[in-house]
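Below is one structure; the comments refer to it alone.
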Protein chains: 2
Amino acid sequence: MNDVARLAGVSGQTVSRVTNGSQSVLPETRRRVIDAMDALGYSPNSAARALRSGTFDTIGVIAHKLARTGESRTVEAVVEAARDRGHTVTLIDVDSPSTARLTEAATRLSRQAIDGLVIIRAEVREAARLTLPRDLPVVVSDSVFMGRLPAVSTDQEGGTRAVVEHLLELGHPTVHHIAGPSDSLPARVRRLAWEQNLRARGRTVPEVIQGDWTSESGYAAGARIAADPSVTAVFCANDEMAAGLLVALHERSVDVPGDVSVAGFDDVPLARFLWPPLTTVRQSFDVIGRRLVDTLMDQIRDGGTVSSYRQLVPADLIVRASTGAHRPRR
Amino acid sequence: MNDVARLAGVSGQTVSRVTNGSQSVLPETRRRVIDAMDALGYSPNSAARALRSGTFDTIGVIAHKLARTGESRTVEAVVEAARDRGHTVTLIDVDSPSTARLTEAATRLSRQAIDGLVIIRAEVREAARLTLPRDLPVVVSDSVFMGRLPAVSTDQEGGTRAVVEHLLELGHPTVHHIAGPSDSLPARVRRLAWEQNLRARGRTVPEVIQGDWTSESGYAAGARIAADPSVTAVFCANDEMAAGLLVALHERSVDVPGDVSVAGFDDVPLARFLWPPLTTVRQSFDVIGRRLVDTLMDQIRDGGTVSSYRQLVPADLIVRASTGAHRPRR
DNA sequence: TGCGGGGATGTTGACGTCAACATCGCGGAG
DNA sequence: CTCCGCGATGTTGACGTCAACATCCCCGCA
């Protein structure tokens, strides 16, 4: 900055004023300063700026498995919303539940240059042990931290109810369920809601089929389902597992939706292009991302005051061709 | 820090030594300092640290559409690799090609607290106008910056050749192509390689069908392809478009691969679970991500010296059920 | 002609950390 | 008994920026 000031024949303060768009700089002076900046390839040092101002204009995002649909779409929305608010996003991943990794994440976090933190689906139970720096504004989505920290999340119960009701209305005596891994909070919530809805309508609750979010696990479940003619409707806890199930059923010539109706959860972009197009529940990741940032920004601005501890974003049932009227198999 | 020092009855410097794990601190002193830190909830100020050390332990990532398969998987790999090297990742998105957005990105970039920059698929031509801060180590992948900057990218030519050869060996007289958007570099490269391979084998080069990466565009292309019995093999520039095409063909009772063979590119996780399972080219995003970080770190360490300007990561053909022997239609 | 006022620019110091250097105290060798 | 050396700890200043305050100059009005 001093070099620029010298070259432009002004003081450092004037350079600072130009950088920050202050009004009280003569156009002629401004010109000289900008020329000097270009000539020297100057760009302001953000560390010094942050040190001086005490703010980083950056928010941290803790995500679990970034490439997974929900995560990547939420992160994308968070990045966009943050950018609109003049902030950048720093990514911190806590993929492995090992204590070493967690300690590392905590350390990294505590020295990180962030004004606030968004925790997206830190699902693993061990993550709950993560010590958060005091006074750091935080918002969470679908994580074990829910309840303890302000949260924005999908209305899992509502979405699940919509699927189950839809399938029962089609005449199916009951609905089977391929669940997500039990250490995942959304998986547990969806499973619980499925069970409660069946009970509330006096239907028998079939044994849960345990999956792990991957298509492979849905595919594996398909073998059992194809062999059991009592199964006529399956609600999969996410679209990937539903895709695996569909393929397994095709391979065994079980017709969808003629023999078995299949529904998913998430509405991944490809859901409409599976065969048959998948009935599923759409999560509005963009809305969630935006709300997360809004909520966080409110906290940052108000110095940690939390307005709402629980925001639900509705999840809509999208009916496509993979679900149809009940027809006994065999 | 001063508060901690006072409480522990030491100087600030000793606190600093404890923070950074210096050897020359008596265990007893260290204990006192750590207790004081805990009591006060102290964590070091990263801005001051960065200001002092001149390094941020952070790399920036410019991505285009984060939620898209290639991007999110590459970013995930970059984040992991960076973490292993003790660095964090800051995300900067340049989704829109408008000049305003670019200026904004440039500004944001110039004041960003990063030690290096990874540019992932900044495809839009206008992005080339982005002014990068001088002396900032940079690596790119699949972007318009290739050639000008050190790059790590998928062997698009090799992957494309493998698909085209595979389809020709199955007896198809030629291969049609649904291309990605023309402002995307990988899309242009794949299209060109497809054309060259057909020519090299003396096959007629059919008119290109223009897509835009989305499944919807593949679906739209499906109407034309279903109606044209001369089409027996289609190479789609990505898996999403292939998925759209498959659905369009099913709806019109065109058998895959009986009537038409379909191949994609990317090997998204769901590719194996489309119907029929999709023949495609696997991109090793994890390898690319890791190499990007390695290359960038080398530059950061050596003060900007670039060893290699072009690293190619092989792309392997994955043959599944969506491609089969040629059989004339109708 | 002198004085007040306001806009443009300059000067100073502080943000929190850490490298470099200074100091202190203790034990062992001569 | 003295002095040297070394390990533990303390002191100082600088990193780059910007808020607050100081200064300067020019203009208009009495």
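Because the structure is a prediction, the values reported are computed rather than measured. The chains referred to below are lettered A, B, ... by the order of the sequence lines, with proteins before strands, and numbering in each begins at 1.
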Does a side-chain N or O from B:T14 land closer than 4.0 Å to OP1 or OP2 of D:dA8, or not? no
Whole Å only: how far is the CD atom of A:Q23 from the C1' atom of C:dG6? 16 Å
Tell me which of A:M1 and A:R17 sits closer to the 5' end of DNA chain D, going by the nucleotide each one is nearest to. A:M1
B:F56 CZ to C:dT17 C1', straight-line distance once rounded to whole Å: 14 Å
Out of B:R32, B:R31, B:R30, which residue meets the salt bridge (Lys or Arg N to Asp or Glu O under 4.0 Å) rule with B:E28? B:R32
Is the distance from OP1 or OP2 of D:dT9 to the nearest side-chain N or O of B:T29 less than 4.0 Å? yes
Figure out the CG/P separation between B:L26 and C:dC24, and round it to whole Å. 18 Å
Cut-off 3.5 Å, side chains only: do B:S153 and B:S141 have a donor facing an acceptor? no
Are the side chains of A:V10 and A:V18 in contact, using a 4.5 Å heavy-atom criterion? no
Residue among B:V78, B:V152, B:D84 satisfying side chain to side chain contact (heavy atoms under 4.5 Å, CB included) with B:R290: B:D84
Please figure out whether B:V25 or A:R52 has its closest DNA chain D nucleotide nearer the 5' end. B:V25
When all nucleic acid strands are considered with a 4.0 Å heavy-atom cut-off, which category describes B:V10: base, sugar-phosphate, or nothing? sugar-phosphate
With heavy atoms under 4.0 Å as the rule, sort B:L51 into base, sugar-phosphate or nothing. base
A:Q13 has its side chain closest, among D:dC18, C:dC18, C:dT17, to D:dC18
Rounded to the Å, how far apart are A:N20 CG and D:dA19 P? 7 Å
Kindly say if A:R49 contacts the phosphate of D:dG16, meaning a side-chain N or O under 4.0 Å from OP1 or OP2. no
Which whole-number value in Å describes the distance from A:R31 CZ to C:dT9 P? 15 Å
Grab the CG-C1' distance between A:L40 and D:dG16 for me, whole Å please. 15 Å
Quickly work out the B:R6 CZ to D:dT9 C1' distance and round it to whole Å. 18 Å
Quick one: is B:N2 getting a side-chain N or O under 4.0 Å of the C:dG16 phosphate, OP1 or OP2? no
Check B:A39 against B:L7 and note the closest heavy-atom contact, atom names and distance. CB-CD2, 4.2 Å
Options D:dC18, D:dG16, C:dT17, nucleotide nearest the side-chain atoms of A:N45: D:dG16
